[in-house]
Amino acid sequence: MRSNRAIKRAGVSLAATLPLLAGALALGIPAAHAADAPGRDTLAGTRPAWATAKADKGATADSSKVSARVYLAGRDAAGLTAYAKAVSDPKSASYGKYLTAAQVQQRFGASPAQVAAVKAWLTASGLKVTGVTAHYVTVTGDVAAAEKAFSTQLHNYAKGKRTYRAPAKAASAPESLKGAVLTVTGLDNAPHTATHDDTLPAPETVFRNAGPFSTYYGSNTASTLPTAYGAQIPYAVEGYTGKQLRAAYGAGSWTGKKVRVAITDAYASPYIAGDAATYAAKHGDADYRKGQLKQVLPANYTNTEDCGAAGWYGEETLDVEAVHAVAPGADITYVGSASCTDDDLLDALGKVVDKHLADIVSNSWGDNEANQTPELAAAYDQLFKLGAVQGIGFYFSSGDNGDEVVNTGQKQVDTPANSAWVTAVGGTSLAVGRGDKYQFETGWGTEKASLSADGKSWTNFPGAYTSGAGGGTSATVAEPFYQKGLVPDYLAKANSSKGNRVVPDIAAIADPNTGFKVGQTQTLPAGGTAYDEYRIGGTSLAAPVIAAVQALAQEARGGKAIGFANPAIYATYASHAKVYHDVTDNPTGYGLAVARLDFANGYDSTDGILTSVRSLGKDSSLQAVRGYDDVTGVGSPASGYVESYRRR
């Protein structure tokens, strides 16, 4: 199918909190024999939860068109899961014994006979096979043919104020295929998005920060503004640079030399090469070597209006500049997706895995868990496991809306960050002091109060919640082996007595009030474009920072790939916890806040300046406490973290 669920980017600017990114995935969907359909294997999870009898509006017309993806389970799906676990677990004899891409395809990929059998079944049902990849077969046809192929009826269902198509029962595949089919996507079409080819738009209108600023945390006190928590507060930093972040997270002399980092996002900034070079030159980062920054892009882009294509330029720019700032020696490959839909993002991830473009993959995008569907979760997880057996690790932002209650009305985590096969990266507020000295971190969570009309107080201090690091307990993903005994039961068993996946795993700077300075070409209010710089945050920043730190760690390890890092991250936490900053919401014993001034129009003082106080460590219902927590995971990398990989 054209999986039409739109994924959002994770960056949070000074102006506003963008919709959250990454979230949770299920562990996979084993086929089950269908009791009511002898000779068929049920493809569990292919009927969405919203397709209820109450919402049923009747059968979809037989002549309506369907486009679907039939994902291939491969030769040995159970073996893939087992080897992905073994090769990633420091306690396993197979730890670090990675396979090549060719070996993975030969051992776990779909065989020619399986592909031929799947194609024959689909064609015999009246569907047209339109493409075959290493991961799936695409088909088109009418509803009647799809119903015949998958042994289910397609009905129309009310979902909110709109009506969408979905299976009336779970789809199935012939038992004679012997489990060759992993799942099918596209039988439901919610929500519908455009599929025409588009050209990329111009960049978004310039965004700038108003001053005054601090150059490091606490360097400039807001002495003319009201106090907060009984003390004068500092102005927000203008934006940390690579030198400060490298010092905070124990980079030492490591640069990530000869380590390959990939970044996936939707679309591609036409200005990235020039912007990245300009930014590096302005802030003392190493110049890019020839070929150090590469792009792998699709032939065409789609859904540019629905996905807000121009907004993704800043995401790519942030990710590239953050990785290079922290790991200036690492090679960076940007892999752009044709759109923000799952199908296209899966294709981008597939390019990284199939061609082994990098060992470390940073992903600053996602959605909330309630929008994830089991069949898509299985498709994502299959790719993550195929990457793990090659020594590829995936890092996903945990999200920017805390527990998601304010954003969705439901307490939940984000996806794909909730997958048991990725490293979920949470967020902190970071204080780097004079001489680039690490002072403290809190869990990222912001409450905002505005300056009163008379300028003598903060209105309704500490104000309303605005944004914070995503985290919590998954409702769908079982507790992975590496979290057992290390994640507190009150978190692991919040949704199930058997225990579920808790997010995040590790954390880094995310709060836009203590954020990173980024440089990007943007559209000027009067027309034309120009390079400009601004401060930004979000777990969209935390993910590439952690990816860069992992590049340093891989260099320290002698260049040997770290692969799927969670088992090692938790093992280190259990045995060498001091290599992590144990981040809490109240590290100093008193309330923390910064003063911030913003242009009302986002770029100059023409329409006035807005003054506010931003409290730190106030993340919805989530709390950063001693030990593991659902805001920062095991904590952030401290001095000794990178070096700890030399022992592995």
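Here the closest non-hydrogen pair linking F564 and A420 is CZ-O, 3.1 Å. Between L491 and T473, the closest heavy-atom pair is O-OG1, 2.6 Å. Across every non-hydrogen atom of A370 and Q412, the tightest pair is N-OE1, 2.7 Å. Smallest separation of non-hydrogen atoms from V625 and T584: C-CG2, 3.7 Å. Across all non-hydrogen atoms, the minimal contact from Y216 to V432 is CB-O, 3.4 Å. Summarising the geometry of G455 relative to P226, their closest heavy-atom pair is O-CG, 3.7 Å, with the distance given to 0.1 Å.
Contact of the Y279 side chain with the Q520 side chain is not registered, since no non-hydrogen atoms from C-beta on lie closer than 4.5 Å. Annotation: side chain of I546 is in contact with side chain of P637 (closest heavy-atom distance under 4.5 Å). At least one side-chain heavy atom of I509 sits less than 4.5 Å from a side-chain heavy atom of L541. Annotation: side chain of Y570 is in contact with side chain of V634 (closest heavy-atom distance under 4.5 Å). Here the side chains of T514 and W444 are not in contact, with every heavy-atom distance at 4.5 Å or above. Considering only heavy atoms from C-beta on, L597 comes within 4.5 Å of P212 through its side chain. Side-chain contact between F599 and S605: present, with at least one pair of heavy atoms (C-beta onward) separated by less than 4.5 Å. For the pair F461 and Y229, the minimum side-chain heavy-atom distance is below 4.5 Å.
Between R501 atom CZ and S419 atom OG the span is 7.0 Å, to the nearest 0.5 Å. Considering NZ of K282 and CD of E533, their distance stands at 4.5 Å, rounded to 0.5 Å. Taking OG1 from T539 and CG from N401, the interatomic distance works out to 9.0 Å, rounded to the nearest 0.5 Å. One distance of note links OG1 of T459 with NZ of K448; it measures 11.0 Å at 0.5 Å rounding. Rounded to the nearest 0.5 angstrom, S397 OG and D319 CG are separated by 7.5 Å. In this structure, the separation between OG on S337 and CG on L345 is 4.0 Å, given to the nearest 0.5 Å.
Judged as a salt bridge (Lys or Arg N to Asp or Glu O under 4.0 Å), the pairs with a partner in residues 216-239 (not counting sequence neighbours) are, in order, E238-K517. Screening residues 216-225 for salt bridge (Lys or Arg N to Asp or Glu O under 4.0 Å) gives no qualifying pairs among residues at least two apart or on separate chains.
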What side-chain donor-acceptor pairs closer than 3.5 Å can you find for residues 573-580, not counting sequence neighbours?
from	atom 1	to	atom 2	distance (Å)
Y573	OH	Y628	N	2.9
S575	OG	A571	O	2.9
Y580	OH	I569	O	2.9

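Side-chain N/O atoms of N566 and D505 include a donor and acceptor closer than 3.5 Å. For the residue pair T442 / D585, no side-chain donor-acceptor distance below 3.5 Å is found, with atom types taken as modelled. One side chain, D275 or T521, offers a donor N or O that lies under 3.5 Å from an acceptor on the other.
The backbone N or O of P512 lies less than 3.5 Å from a partner atom in the side chain of R535, making a donor-acceptor pair. Proximity of a side-chain donor or acceptor of Q550 to a complementary backbone N or O of I360 within less than 3.5 Å is not detected. Under a 3.5 Å cut-off, the side chain of D532 and the backbone N or O of A530 do not form any donor-acceptor pair. Q292 places a side-chain N or O within donor-acceptor distance of the main-chain N or O of A330, the cut-off being under 3.5 Å. In this structure, N586 contributes its side chain and Y590 its backbone to a donor-acceptor pair below 3.5 Å. Checked by atom type and distance alone, the side chain of D403 never pairs as donor or acceptor with a backbone atom of K411 at under 3.5 Å. A donor-acceptor pair under 3.5 Å is formed between the side chain of S398 and the backbone N or O of G470. One N or O on the side chain of E316 and one on the backbone of S269 form a donor-acceptor pair closer than 3.5 Å. In terms of modelled atom types and a separation under 3.5 Å, the side chain of R596 and the main chain of N513 share no donor-acceptor contact. S639 places no side-chain N or O within 3.5 Å of a backbone atom of G250 that could act as its donor or acceptor partner.
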(Q) Run the side chain to side chain donor-acceptor pair (under 3.5 Å) test on T264 and N363 for me, step by step, so that the C-alpha distance in whole Å, both residues' side-chain angles and the decisive distance to 0.1 Å come before the verdict. (A) CA-CA 5 Å; T264 70; N363 311 272; 2.5 Å; yes
Q: Might you work through the side chain to side chain contact (heavy atoms under 4.5 Å, CB included) test for Y603 and L524, ending with a clear yes or no?
A: CA-CA 9 Å; Y603 51 84; L524 300 174; over 6 Å; no
**Q.** Criterion ring-ring contact (aromatic ring centres under 6.0 Å, His included) on F440 and Y217, from CA distance to verdict
**A.** CA-CA 10 Å; F440 62 80; Y217 188 87; 5.3 Å; yes
Q | Q232 vs T221, side chain to side chain donor-acceptor pair (under 3.5 Å): CA-CA, chis, key distance, verdict | A | CA-CA 7 Å; Q232 293 289 337; T221 301; over 6 Å; no
Q: Run the numbers on Y438 and H581 for side chain to side chain contact (heavy atoms under 4.5 Å, CB included), then give the verdict.
A: CA-CA 10 Å; Y438 177 91; H581 297 123; 3.4 Å; yes
Q.
Applying side chain to side chain contact (heavy atoms under 4.5 Å, CB included) to S620 and V405, what does each step give before you reach the verdict?
A. CA-CA 8 Å; S620 57; V405 170; over 6 Å; no
Q: Could you walk me through whether V545 and V425 pass side chain to side chain contact (heavy atoms under 4.5 Å, CB included), step by step?
A: CA-CA 9 Å; V545 167; V425 184; over 6 Å; no
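Taking 4.0 Å as the cut-off between side-chain N and carboxylate O, D598 and R614 count as a salt-bridged pair.
Annotation for Y490: atom OH counts as buried by contact number, over 12 foreign heavy atoms lying within 6.0 Å. Around atom CG of D604, more than 12 heavy atoms belonging to other residues, nucleotides or ligands sit under 6.0 Å away. At most 12 non-hydrogen atoms from other residues, nucleotides or ligands lie less than 6.0 angstrom from CD of Q623.
Checking F396, W312, Y395 one by one against W365, the ring-ring contact (aromatic ring centres under 6.0 Å, His included) holds for a single residue, F396.
Classification of the H324-Y288 ring pair by plane angle, with boundaries at 30° and 60°, yields parallel.
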